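This report refers to the structure that appears directly beneath it.
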Amino acid sequence: METALVPVPDLNPALAEIILAVGALGLLMLGAYTKASTTRLASIGAVLLFAVAAIVVIGQPDSRVLTFGGSFVTDGFGKFMKVLVLIGSAGAIVMSYNFIRRENMDRFEFPVLIVLATLGMLMMVSANDLISLYVGLELQSLSLYIIAAFNRDSARSTEAGLKYFVLGALASGMMLYGASLVYGFTGTTNFDLIAGIIRTEGMSLGLIFGLVFILAALAFKVSAVPFHMWTPDVYEGAPTPVTAFFASAPKIAAMALFIRVMMGAFPDASAEWRQIVVFISIASMLLGAFAAIGQTNIKRLMAYSSIGHMGYALVGLAAGTEEGVRGIIIYLTIYLVMNLGVFCCILAMRRKEEGMVEDIADLAGLSRHQPVLAFLFSMLMFSLAGVPPLAGFFAKYFVFLSAIEAGLYTLAVIGVLSSVVGAFYYLRVVKVIYFDEPAQPFEAPLASELRVVLGASSIVTLFFFVYPAPLIALAQAAAGALLP
């Protein structure tokens, strides 16, 4: 009896993922077999892995390449989103270095888990099949559950990890159920084949049910309303650098996956999924605007801020056009830059006696004690609010423009009005910094690695309007690669 030879798939499109997988195993062995503390070495190694992976990704062709039986795809869209994810992950590790040493979290597993989570995110961005989608999603999620509860001495951190795990398991179950329905009614898990079947046969009732369950699971991953309930508690309870990580790279990967599934597997079902996306976009923008008003904890404030910002990004997806995807890409890029800068400022909220403090009231008097930090923090708050000519204004401009061009005038108007409401709580932070009675000063100066990240973030945010053309051109090329 002859055995058929299975051809070896082309590994070049997945080279960045292979580098991260092998590198994570190497860092794990280094930590396990070295008696001395290797956290610093593991952190440096992780950042170098991200740099090498980014170089490999940039060097890949812009054309669409499929491998692993069509379940893994690389294209211009995937390249751009992967680079964003790698920048966000590297920024989180750099920002965490001094923090984990001070908070007795100095264990080499931390950077290794971030590398493994990033590997899952890259797989999510390149998923072209429901099975590869789920593998990437779970690899990312399992790592994030552990990172959220990484501070074992903190009850809040442990609670955050447990809440995230329980609700994440629920979302994973919804994803699997939706994927099984889609498979049952199409006979395939491949995005291209699913799209072809829908194009010829239309959407059956069972397929619509499957799509709804998949949308619910994806909405959980981007923390969109009504699947946002985990976000404020996890953001508040997790260690601050972990919160910075949650607010950047995983959000970008989940949104890229959202776009990939809707535009790749269900492009001809836009009439069905647009209604849901419009609803969760409006709900996220409004809840992000109103629920944040009463917050006194800066990390909970940023949690509701992230819910609102994902709502704004979903405006571009609701448009369902190339301009909409371009708007999302520009939005996520600027959001990543602003978020890293804001969390550098939050990490500066530390006093000798109390350690880390998180109340917004603790920022009082920052303008007198550390005027440069106060200015940068305030500028980033203005940018998050969408005040021109800062980068945050352009982020919202492009997604709202795509909605208007697609005829979604009501969605664009609601987005603008919720931006006005949301500006209140951002400006309240600025008011506390500059006008409230001074509180006890923070430790100074800022750690060198935080100064580097904050400086880069502030320069991009402040001067983006001077020369926005490169980002717009790259985003247009990435969107065009996804929707040829």
Side-chain angles (χ1 to χ4, degrees), residues 232 235-236 240 243-244 247 285-309 312 334-335 337-393 395-396 416-447 450-451 453-455 457-465:
Y235 272 46
E236 183 183 10
T240 305
T243 306
M285 290 188 292
L286 293 178
L287 182 116
F290 286 99
I293 290 174
Q295 300 302 318
T296 57
N297 182 289
I298 189 74
K299 285 163 71 176
R300 287 186 76 87
L301 178 82
M302 292 306 297
Y304 286 107
S305 169
S306 78
I307 292 168
H309 281 288
Y312 296 125
I334 294 172
Y335 173 74
V337 171
M338 294 188 298
N339 240 39
L340 290 177
V342 167
F343 277 97
C344 283
C345 297
I346 293 172
L347 281 164
M349 295 172 63
R350 180 181 179 82
R351 298 193 178 115
K352 288 182 180 178
E353 299 81 12
E354 301 170 68
M356 294 296 298
V357 291
E358 297 172 2
D359 280 350
I360 295 171
D362 290 312
L363 289 164
L366 184 64
S367 59
R368 299 189 191 181
H369 306 305
Q370 292 172 272
V372 175
L373 181 63
F375 169 75
L376 296 179
F377 202 171
S378 302
M379 182 266 297
L380 289 165
M381 286 288 122
F382 276 116
S383 185
L384 284 169
V387 175
L390 301 171
F393 166 77
K396 290 180 180 176
V416 172
L417 293 177
S418 64
S419 290
V420 174
V421 175
F424 169 79
Y425 60 81
Y426 292 121
L427 299 183
R428 183 164 60 93
V429 175
V430 178
K431 172 254 181 190
V432 170
I433 290 173
Y434 279 94
F435 299 109
D436 281 16
E437 281 298 311
Q440 189 182 343
F442 301 136
E443 274 185 2
L446 208 59
L450 293 180
R451 276 184 285 180
V453 176
L454 178 57
S457 168
S458 301
I459 289 168
V460 173
T461 304
L462 194 55
F463 297 108
F464 176 77
F465 75 95

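Only a predicted model underlies this, so the values are computations on that prediction, with no experimental measurement involved.
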Side-chain (Tyr335) to main-chain (Ala247) donor-acceptor, under 3.5 angstrom: yes
Under 3.5 Å donor-acceptor, Ser457 side chain and Val453 backbone: no
Gap between atom CG of Asn339 and atom CD1 of Ile334 - 0.5 Å precision: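 If I round to the nearest 0.5 Å, the distance is 12.5 Å.
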Approximate separation, where rounding is to 0.5 Å, of Ile346 CD1 and Thr243 OG1: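 Rounded to the nearest 0.5 Å, the CD1-OG1 separation comes to 8.5 Å.
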side-chain hydrogen bond (donor to acceptor under 3.5 Å, both in side chains) partners for Tyr434, two or more places apart: none
With sequence neighbours excluded, residues passing side-chain hydrogen bond (donor to acceptor under 3.5 Å, both in side chains) with Asn297: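 Only Glu358 meet the side-chain hydrogen bond (donor to acceptor under 3.5 Å, both in side chains) criterion with Asn297.
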Side-chain donor-acceptor pairs under 3.5 Å in residues 286-296, sequence neighbours left out?
residue	atom	partner	partner atom	Å
Gln295	OE1	Arg300	NE	3.3
Gln295	NE2	Ala291	O	3.1

Arg451: partners by side-chain contact (heavy atoms from CB on, under 4.5 Å), with sequence neighbours left out: Leu446, Ser448
Pairing residues for Ser419 by the side-chain contact (heavy atoms from CB on, under 4.5 Å) criterion, not counting sequence neighbours: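 Testing Ser419 for side-chain contact (heavy atoms from CB on, under 4.5 Å), a comparison that skips the adjacent residues, returns Tyr312, Lys396, Phe400.
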Side chain to side chain, Leu454 and Leu373, heavy atoms closer than 4.5 Å: yes
Evaluation steps, side-chain hydrogen bond (donor to acceptor under 3.5 Å, both in side chains), between Ser305 and Tyr426: CA-CA 9 Å; Ser305 169; Tyr426 292 121; 2.5 Å; yes
Sequence neighbours left out, cut at 3.5 Å: what donor-acceptor pairs do the side chains of residues 378-391 make with other protein atoms?
residue	atom	partner	partner atom	Å
Ser378	OG	Ala374	O	2.8
Ser383	OG	Gly392	N	2.9

